[in-house]
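Worksheet: one structure, shown below.
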Amino acid sequence: MKSKYENMKIIYNRSKIGWYWAPLFVSCWFLLFYLVVIPSFHRMPRLKTLEDERQQPGQFIGERAENTLLRLSKIGPKVVGSAANEQVAVQFLLSEIGDIIDDARTDLYDIEKTVQVASGNYLLWSMVNVYQSIQNVVVKLSPKNATSEAALLINSHFDSVPGSSGAGDAGMMCVIMLEVLRVITKYETPLTYSVVFLFNGAEENPLQGSHAFITQHPWAQNVKAVINLDSAGSGGREILFQSGPDHPWLMKYYGKNIVHPFASTIGEELFQNGFVPSETDYRVFRDFGHIPGLDMAQTLNGYVYHTKYDRFNLIPRRTYQLTGENILALVKALANAEELENPSKYAEGHMIFFDMMGWFFVYYPETMGIIINITVCVLVCVTIVLYIWMMSSSTGMFRRRIWAKFGILAALQVAGVALGIGLVLSIALFLDAVNLPMSWFSQNWMLFGLYFCPMIFGMGIVPGIYFSRTKEHGLPLGYGIQLLMHSHCLILTIITAIMVSYSIRSAFVIMLCIGFYTLSVLINLVTKAHRTNFLWLIPHCICQVLPFMFYTYCCYAFYVVFVPMQGRECNTNPEILMGFFTALMVLLFAPFLVPLFCLFRKSKTIISMFGICTIVFIIFAATPIAFPYAEKTAPQRFFAVHTARTFHNGDAASTVSHRDSGYFVLPVDRRPHTVDDILFENTSFTKSERIDCDSELMCGFPIYSSRWLNAVDNSYFVPGPEPNRDHIPTLTILDKSSGSDTNIKFDLEISGPSHTSIFILPLNGSKLVDWSFIKDPLDASVEPPYYVYWSYALDPKPLQFSLEFEHDDPNWSGGTFKIALMGHRIHDDMYITEDFREFLATFPPWAHVSSWIGSYNSWQL
């Protein structure tokens with residue numbers, strides 16, 4: 001008589017499904033992604049018109065906000081220091097605010113408006129950020145007979161980068177603020193606390209307007225929380241990047257009142273850990289105002305961010321309604337929140353939060369998250385033990401033998417995951433090494449072949465080979481595949497436990513994966529479907545639908561946000577970021593689907609198709625098919641500065657050691673040489689030899705922003721005619737005195753264009769011990785050279801400051817320090833010469849070049 005186990009083996013007989021069902025299986029998941037996930041991500045409400053307002057007063061009217069943005073964007077680029085920003089835009093806002101006040105319920109509200117003009121300096125990153133006479137337009141809305149002085153701050157900026165109208169970044173947020181102000185004041189909206197609307201005139205400078213307000217404006221002292229609105233794209237759903245910190249009550253109000261949620265703890269932790277190459281005013285309010293808040297930004301079509309293509313007509317019309325309804329609901333809720341009176345009483349802990357494809361919003365305290373994560377981890381372990389116990393009873397197989405098989409399959413799963421990750425990282429390193437990164441930049445479908453396919457191949461081929469070679473012994477195929485998935489579930493459980501131990505709130509992502517899988521296992525155990533050939537697949541696949549949609553939604557959102565960002569990041573290999581994140585997502589949405597390929601006949605052939613697909617896509621990456629850039633829709637970014645350079649000797653007369661002129665070119669992304677053939681072959685332009693970076697600060701290049709420091713190695717200088725010299729800064733020594741044998745003090749004055757970078761490098765063993773600016777860089781021992789960024793808006797008076805140096809040797813000699821001034825005239829196109837225009841015209845259509853006039857002058861004093 002045959003044993004119970006042998007009978008079971010005959011029954012199962014390693015039953016398989018016809019190979020021709022595999023394409024249908026894959027297609028179903030693709031269709032789920034394209035028909036449900038992508039439409040859910042882009043779902044937005046209908047734009048409400050002025051006619052809707054007449055029928056239903058008191059709601060946000062997107063059409064009015066759209067019309068306001070059209071007029072604001074027609075002003076053109078609004079750079080700090082330009083007439084467009086300091087006069088036209090300010091008057092535009094004041095006029096709009098005046099019209100709102102005229103229609104307001106002044107019997108219910110007190111409305112004050114003011115224009116703040118401020119100067120100051122502070123340490124931002126490692127740069128001293130000096131601003132002079134910048135402007136903010138500020139409105140304070142208070143309920144009549146208010147019993148509290150506490151206020152909620154709403155902030156966005158109306159200035160823009162050079163060459164961009166700033167329609168998306170962040171003119172749209174400004175017009176939404178105007179419409180929110182209008183709706184609240186025109187209708188009877190209950191308010192407990194005041195609301196301050198800050199129309200920030202110097203955010204792109206960077207982050208100067210917010211610092212001026214929070215440190216100097218009299219209304220700032222009563223601000224208890226902030227909603228910061230910004231943009232890294234052109235419309236679309238605004239994502240909540242950050243909340244708090246340590247103020248979970250803010251997330252509770254967001255969760256209860258947000259109309260169209262789009263937020264995730266994952267994004268917050270990525271942003272706070274530096275994965276996002278950007279910074280917002282939220283940082284200034286947090287660090288200098290010590291106030292909590294919500295940091296929100298639109299991210300759709302980040303390709304046009306900070307380019308001339310950031311235009312009014314590219315913003316989806318429904319964006320106005322979506323963001324407007326969200327902000328209006330949040331302002332109404334927070335302006336009546338009892339926590340606003342004294343937020344410090346509620347400053348404890350963090351929240352875990354995420355939206356489910358925009359359908360609904362989930363949020364709970366971090367402590368509850370820890371309990372949930374641990375509970376699910378324990379449930380997973382109990383379920384696996386129970387499964388193996390029942391499996392032993394139903395098959396007649398010894399439990400120790402099943403545990404041995406489980407260990408083998410777990411090792412195979414680890415090997416498969418390691419193979420997949422190894423293939424992904426190898427491809428990422430290879431493409432960067434052969435100068436073929438970012439083939440997916442404008443064609444996101446390339447990511448499927450380059451990173452999804454090798455990960456799926458690695459995870460599938462190892463168990464596929466194993467199961468094909470164990471046909472005559474071991475477990476029935478169905479049981480083997482289930483044990484394989486159990487092992488992966490256990491691996492993810494261990495990872496979840498580790499993340500919980502390190503207080504990583506994003507552990508909820510893995511918890512959802514193992515939780516839904518465990519649910520399907522429990523259903524199969526209860527119904528005994530796990531004993532059948534194929535019936536166990538029904539609850540298994542059904543329980544994978546929601547996780548699949550959630551993870552692919554997160555994956556799609558990540559690509560929408562981060563793929564365009566790689567067009568302005570040159571320091572790190574973007575392939576590593578895309579490949580690693582893709583591998584992580586595959587480990588979450590595919591580990592309980594890929595093993596199912598082993599149920600099909602010719603399973604190794606089916607899985608190998610993913611490997612073949614990978615090879616084909618790598619070939620694509622080396623051909624014009626996958627060229628990463630496209631005119632207007634996905635341009636490659638460059639900066640070009642028509643520069644006059646003068647280097648001075650260290651003698652008493654400061655004689656000139658070198659003088660030249662030309663075009664400084666700064667590529668921004670990981671492919672800095674794509675235009676070299678176009679610029680320098682069959683043209684009169686050539687790259688000049690690089691100046692010794694040890695002899696000249698910043699290699700003699702006219703640095704405009706601290707972010708340029710990361711791209712200096714890829715930049716170059718093209719000799720050319722001299723630009724207009726009216727913009728060149730001047731340096732005057734007002735006084736030079738010595739307080740002791742080891743100390744010397746310089747009083748200096750600088751005049752020049754509205755944007756000037758100043759670099760200071762102590763020489764010959766001297767040390768900068770004091771200066772007129774904020775002392776933080778000196779106290780924190782910031783590595784020289786010291787970087788001071790100076791800009792002004794209304795008042796062009798020269799910058800006067802002092803530097804005091806100290807030397808250990810009283811008999812020291814030689815120069816004390818080297819100083820370089822880099823002036824930038826970034827908002828006067830009329831000064832651009834015809835020669836410079838001809839040079840810019842040589843760039844290909846798919847290149848976006850931000851250009852202006854600059855200078856570099858250095859002295860040794």
Side-chain angles (χ1 to χ4, degrees), residues 265-266 269 352 354 362 364 366-392 399 402-421 455 458-460 462-463 479-526 530 536 539-548 550-551 554 580-581 583-596:
T265 301
I266 306 171
E269 291 191 324
I352 295 171
F354 59 93
V362 179
Y364 47 89
E366 184 178 17
T367 52
M368 182 181 292
I370 293 173
I371 295 172
I372 293 174
N373 291 338
I374 294 176
T375 301
V376 171
C377 289
V378 172
L379 180 62
V380 168
C381 296
V382 171
T383 302
I384 290 175
V385 171
L386 179 62
Y387 177 91
I388 292 177
W389 184 281
M390 295 182 67
M391 179 180 171
S392 174
R399 280 188 290 275
I402 297 177
W403 279 111
K405 286 292 182 182
F406 182 78
I408 293 172
L409 291 171
L412 289 173
Q413 185 65 11
V414 171
V417 170
L419 175 61
I421 294 176
M455 193 64 195
M459 291 174 61
V462 173
Y479 272 132
I481 290 174
Q482 291 177 66
L483 276 182
L484 179 71
M485 293 188 291
H486 293 350
S487 67
H488 188 87
C489 185
L490 185 60
I491 294 169
L492 293 180
T493 301
I494 295 171
I495 295 173
T496 303
I498 294 172
M499 293 177 71
V500 170
S501 68
Y502 281 95
S503 300
I504 300 174
R505 287 174 290 145
S506 296
F508 81 91
V509 178
I510 305 180
M511 180 275 295
L512 291 175
C513 178
I514 61 179
F516 274 92
Y517 175 73
T518 304
L519 175 63
S520 69
V521 175
L522 289 173
I523 293 173
N524 277 323
L525 288 176
V526 171
H530 67 290
W536 63 273
H540 175 78
C541 290
I542 291 175
C543 287
Q544 287 302 304
V545 169
L546 201 58
F548 175 85
F550 175 72
Y551 293 126
C554 292
F580 179 78
F581 183 82
L584 177 62
M585 286 294 102
V586 173
L587 285 174
L588 293 174
F589 76 75
F592 305 121
L593 298 177
V594 171
L596 302 185

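Numbering starts at 1 and runs along the sequence shown.
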Requested in this report: Show your reasoning for whether side-chain contact (heavy atoms from CB on, under 4.5 Å) applies to Leu483 and Ile402.
Outcome: CA-CA 9 Å; Leu483 276 182; Ile402 297 177; 4.2 Å; yes

Requested in this report: Using atom types as modelled and distance alone, determine if a side-chain donor or acceptor of Glu269 lies under 3.5 Å from a backbone N or O of Ser506.
Outcome: yes

**Report entry** CD1 on Ile481 to NE2 on His540, rounded to 0.5 Å
**Finding:** 9.5 Å

Requested in this report: Verify the neighbour count for atom CZ of Phe580: are there more than 12 heavy atoms of other residues, nucleotides or ligands below 6.0 Å?
Outcome: no

Query raised in the report: Which value, rounded to the nearest 0.5 Å, describes the distance between Ile266 atom CD1 and Cys554 atom SG?
Result: 4.5 Å

Query raised in the report: With side chains defined as the heavy atoms from C-beta onward, is the minimum distance between Ile491 and Val414 less than 4.5 Å?
Result: yes

Report task. Report the relative orientation of the aromatic rings in Phe354 and Phe508; use parallel for angles under 30°, tilted for 30 to 60°, perpendicular for over 60°. Result -> parallel

Query raised in the report: Does the side chain of Val385 reach to within under 4.5 Å of the side chain of Trp403, using non-hydrogen atoms?
Result: yes

Report summary line: Heavy-atom nearest pair, Asn373 first then Ala507, reads ND2-CB, 3.9 Å

Query raised in the report: When rounded to the nearest 0.5 angstrom, what is the spacing between OH in Tyr387 and NE2 in His530?
Result: 6.0 Å

Query raised in the report: If every non-hydrogen atom of Leu492 is compared with every non-hydrogen atom of Ile514, which pair is closest and at what distance?
Result: CB-CG2, 3.5 Å

Requested in this report: Would you sort out whether Gln413 and Ser487 count as a side-chain hydrogen bond (donor to acceptor under 3.5 Å, both in side chains), showing the intermediate values?
Outcome: CA-CA 7 Å; Gln413 185 65 11; Ser487 67; 5.1 Å; no

Query raised in the report: Closest approach of Pro595 and Leu484, non-hydrogen atoms and distance?
Result: CB-CD2, 3.8 Å

Report summary line: Of all heavy-atom pairs linking Ser520 and Pro539, the shortest is CB-O, 3.8 Å

Requested in this report: Please work out whether the ring planes of Phe592 and Tyr517 are parallel, tilted or perpendicular, with thresholds of 30° and 60°.
Outcome: parallel

Requested in this report: With the side chain counted from C-beta on, respond yes when Val417 and His488 share a heavy-atom pair under 4.5 Å apart, and no when they do not.
Outcome: yes

Query raised in the report: Quick one: does Leu587's side chain get under 4.5 Å of Met455's, heavy atoms only?
Result: yes

Query raised in the report: In Å and rounded to the nearest 0.5 Å, what is the CD1 to CG distance from Ile495 to Leu490?
Result: 10.5 Å

**Report entry** More than 12 heavy atoms from other groups under 6.0 Å of CH2 on Trp389
**Finding:** no

Report summary line: Note: Gly369 and Tyr364 closest approach over all heavy atoms is CA-CE1, 3.4 Å

Query raised in the report: CD1 of Ile371 to CD of Glu366: how many Å apart, nearest 0.5 Å?
Result: 11.5 Å

Query raised in the report: What are the two closest non-hydrogen atoms of Pro591 and Met485, and how far apart are they?
Result: O-CG, 4.1 Å

Query raised in the report: Is the shortest heavy-atom distance from the side chain of Tyr479 to the side chain of Lys405 under 4.5 Å?
Result: no

Query raised in the report: Does the side chain of Cys541 come within less than 4.5 Å of Leu596's, by heavy atoms?
Result: yes

